[in-house]
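Just below is one structure, and these are the notes that go with it.
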Amino acid sequence: MDNNVGQIEEKQKIATTTANSNELIAATHSASIGARSVTNILTNSASFWKNSGRAVPGRPSPKRDFLDNTNTNIGKSGGGGGTAVQRGDRAAAGGMVSTFRDYQQSVSDAWDTGDDEFCIISSNEAAAAAAVGDATRISRQVSQTVALNVIETHSRSNQNHVSTSSEMLDVQASNADLIPGAASYAEDIKQDRRSSHDSNENRSRLRNYPGRPQLQKISTNSQDGEFETKIEKFQLLLDSPQLDLVALKKLSWSGVPRKMRAVSWRLLSKYLPPSSERRNAVLQSKRQGYQDLRHNYFKVDSQDETQQDTYRQIHIDVPRMNPQIPLFQQQLVQEMFERVLFIWAIRHPASGYVQGINDLVTPFFIVFLQEALTPDTDLEKYDMSQLPEETRNIIEADSFWCLSKFLDCIQDNYIFAQLGIQEKVNQLKDLIQRIDVNLHRHLQTHGVDYLQFSFRWMNNLLTRELPLHCTIRLWDTYLAESDGFALFHLYVCAAFLLHWKEQLMQQNDFQGLMLLLQNLPTHNWSDRQINVLLAEAFRLKFTYADAPKHLETKS
């Protein structure tokens with residue numbers, strides 16, 4: 001007995017001079033010698049758990065479970081010569097978690113507070129849990145599921161968490177001998193991370209390909225429940241016998257609720273008259289008028305060479321719109337777009353069809369399609385053949401007339417040589433030079449011309465830079481602009497460019513700047529980011545629009 005005591009004391013002296021993990025391992029192995037060694041382990045583990053004495057909701061308590069198991073085993077062993085809990089008796093001895101029910105009970109207080117997101121057990125704590133008792137074991141399936149959920153959540157919210165999680169996995173792998181089954185668990189996690197990384201890399205490669213538009217999400221994060229008060233105000237305005245268009249524009253500038261958007265857009269674009277008595281008659285007349293235009297103008301077998309060239313270009317461009325969304329790859333939808341664009345081009349011979357106008361039909365089409373379907377319909381995969389032909393004709397006609405009204409104030413963007421866009425690009429250059437000379441010089445120093453990236457911003461009205469639901473929110477404000485959105489769009493582009501100043505200043509070559517400017521990371525944007533962008537654009541317009549001296553070049 002004296003020899004055993006001497007060996008224990010000698011091992012304790014060695015353990016105090018080694019690292020924390022070695023100390024815990026030595027303490028654990030000494031537990032198999034006798035009851036007195038178990039007391040020493042409890043002393044060492046108690047000093048460790050004092051570092052986080054505050055009870056954390058949702059975290060199992062290895063110390064409590066180990067104390068219960070140890071006392072039980074000491075009583076059974078009958079003295080200092082007893083043996084530790086054997087591997088085969090772990091479950092019977094009441095390990096920390098042996099079943100999912102036990103795990104669920106041990107973390108039953110996790111939902112009592114709102115900060116359970118921060119209760120992440122570090123690798124040191126995991127090593128301590130293993131050292132406190134060999135019987136301490138979490139169900140592999142449960143722990144793996146929880147770990148994957150945490151990794152996925154944090155990698156989605158912040159890319160910095162991905163690198164942190166990788167470091168944690170490497171630490172856990174290096175300490176795999178401390179936790180039973182940790183080596184295979186860490187390997188499984190790494191394998192899942194590799195497959196997830198490969199999938200994200202493929203999506204990123206698709207999204208970051210130069211000139212390719214962002215993935216156009218149809219779903220929106222905003223809920224109509226947030227606009228209950230606003231819906232009442234819209235309803236009161238729309239039900240009035242004579243609509244106050246100024247009040248509707250003022251109310252719509254900050255966003256239109258989804259259920260009110262279709263009728264509001266028709267009124268804001270002046271497709272419908274303010275008088276409620278005349279609206280139904282005007283709708284029927286306009287929709288029938290569009291059907292007459294289809295019959296008179298849309299002739300695919302026309303012998304007119306100009307019309308054939310126009311149709312051929314439209315037929316090429318339409319399938320390229322939103323290639324990731326199945327809805328826009330349906331033949332019925334593409335034929336609707338072709339008719340709208342072709343008839344618009346025939347009716348506007350000064351400009352004709354110009355690449356980019358096809359993207360401007362999409363928001364109107366989606367808004368009027370949403371009106372015809374239930375709110376819970378998945379638009380991205382909806383089969384248009386399920387809609388009655390009459391409903392499809394209504395959506396097509398309304399999209400055509402609203403597009404025509406919408407483009408009236410930017411007609412000079414699409415005439416010969418697109419002089420309107422060239423003028424706006426030069427205005428954007430002068431505006432950025434006045435607002436932020438450092439950013440302007442940075443772009444000029446590396447040979448980036450504003451026309452190289454902002455032409456698409458002006459031509460497509462940022463539809464290629466923003467998710468589709470963000471474009472729809474942006475157009476709520478554009479349609480509500482009292483003097484037309486052509487001038488305001490200039491300041492939106494300026495605010496949009498300034499938003500990415502920090503990332504742009506970090507790029508030190510032409511290639512890096514152009515890749516960033518052509519593929520800005522807006523795929524996770526929501527209405528909140530659009531509201532901030534519009535507020536900044538309004539501030540810039542208020543500051544510079546009525547002060548032309550600011551835009552004059554210094555002598």
Side-chain angles (χ1 to χ4, degrees), residues 199 202-203 206-207 212-224 256-266 271 283-284 286-288 290-291 293-295 298 300 311-344 356-403 406 460 463-464 466-473 475 523 526-527:
S199 178
N202 291 335
R203 289 195 296 268
L206 174 64
R207 184 173 63 248
R212 184 181 296 276
Q214 297 290 335
L215 296 178
Q216 303 294 289
K217 299 179 182 178
I218 292 180
S219 59
T220 176
N221 297 329
S222 62
Q223 300 293 332
D224 285 341
V256 182
R258 174 176 172 173
K259 62 175 60 176
M260 297 294 175
R261 181 169 280 135
V263 62
S264 297
W265 278 25
R266 293 188 184 101
Y271 170 42
L283 271 180
Q284 293 179 4
K286 287 286 189 180
R287 289 167 179 171
Q288 181 59 44
Y290 176 75
Q291 298 304 318
L293 292 175
R294 281 180 52 180
H295 178 73
F298 188 75
V300 180
Y311 178 77
R312 188 180 302 108
Q313 186 61 55
I314 293 173
H315 189 69
I316 293 173
D317 290 345
V318 167
R320 297 175 179 174
M321 297 188 311
N322 303 293
Q324 300 86 3
I325 299 180
L327 172 67
F328 295 102
Q329 302 307 310
Q330 299 178 31
Q331 184 177 358
L332 274 175
V333 175
Q334 293 182 2
E335 290 176 351
M336 293 170 68
F337 274 72
E338 289 175 358
R339 289 191 292 265
V340 168
L341 294 169
F342 183 81
I343 295 174
W344 185 90
I357 299 180
N358 54 316
D359 290 322
L360 306 184
V361 185
T362 307
F364 292 110
F365 175 80
I366 290 298
V367 167
F368 297 137
L369 178 60
Q370 287 177 334
E371 182 188 33
L373 303 175
T374 57
D376 57 344
T377 304
D378 185 4
L379 292 181
E380 295 185 0
K381 300 179 181 179
Y382 182 74
D383 185 5
M384 284 294 293
S385 62
Q386 298 179 4
L387 273 182
E389 184 179 0
E390 180 181 359
T391 304
R392 296 199 303 267
N393 292 336
I394 289 175
I395 295 173
E396 183 179 340
D398 291 353
S399 299
F400 170 79
W401 289 116
C402 287
L403 174 71
F406 186 73
N460 301 73
T463 55
R464 292 288 185 98
L466 299 172
L468 185 52
H469 68 270
C470 291
T471 301
I472 292 174
R473 166 63 192 92
W475 284 21
H523 49 280
S526 63
D527 290 356

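Numbering of residues begins at 1 and proceeds along the displayed sequence. Just so it is clear, the model here is predicted, and its values are computed rather than measured.
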Minimum-distance pair of heavy atoms, taken over all atoms of F368 and C402: CZ-SG, 3.6 Å
V340 and Y290, any side-chain heavy atoms less than 4.5 Å apart: yes
Heavy-atom pair with the smallest gap, counting every atom of T391 and A372: CG2-CB, 3.8 Å
Candidates N358, D317, L360 - the one meeting side chain to side chain contact (heavy atoms under 4.5 Å, CB included) with L341: N358
Non-hydrogen side-chain atoms of Q334 and H315 separated by less than 4.5 Å: no
H523 NE2 to L466 CG distance, which is reported to the nearest 0.5 Å: 13.0 Å
Side-chain donor or acceptor of W401 paired with backbone N/O of K286 under 3.5 Å: yes
Sidechain-backbone polar pair: Q330 side chain, Y382 backbone, donor-acceptor under 3.5 Å: yes
Min side-chain heavy-atom separation F400-L293 under 4.5 Å: yes
Minimum-distance pair of heavy atoms, taken over all atoms of E338 and F298: O-CE1, 4.1 Å
Side-chain touch L283/D398, heavy atoms, less than 4.5 angstrom: yes
Heavy-atom side-chain proximity of W475 to T463 below 4.5 angstrom: yes
Heavy-atom check, side chain of L387 versus side chain of L373, under 4.5 Å: yes
Minimum heavy-atom distance I472-W265, with the two atoms named: O-CZ2, 3.5 Å
Test item: R287 side-chain N/O and I394 main-chain N/O as donor-acceptor pair under 3.5 Å: no
Rounded distance (nearest 0.5 Å) linking atom NE2 of H469 with atom OG of S526: 6.0 Å
Flag side-chain contact, heavy atom, 4.5 Å: R339 against E335: yes
Nearest heavy atoms of G356 and N460, plus distance in Å: CA-ND2, 3.5 Å
Those residues that, when tested against R392, pass salt bridge (charged side-chain N to carboxylate O under 4.0 Å, His left out) (two or more places apart): none
Neighbour count above 12 (heavy atom, 6.0 Å) for Q386 CD: yes
Distance, nearest 0.5 Å, that separates CZ of F337 from CG of D359: 9.0 Å
CD-CE distance between E396 and M336, expressed to the nearest 0.5 angstrom: 5.0 Å
With E371 via salt bridge (charged side-chain N to carboxylate O under 4.0 Å, His left out) - residues at least two apart: R266
Gap separating the OG1 atom of T362 from the CE atom of M321, nearest 0.5 angstrom: 4.5 Å
Sub-4.5 Å side-chain heavy-atom contact between L369 and L327: yes
Closest heavy-atom pair and its distance - I366, F328: CD1-CZ, 3.7 Å
Verdict with reasoning, V361 to W344, per side chain to side chain contact (heavy atoms under 4.5 Å, CB included): CA-CA 11 Å; V361 185; W344 185 90; over 6 Å; no
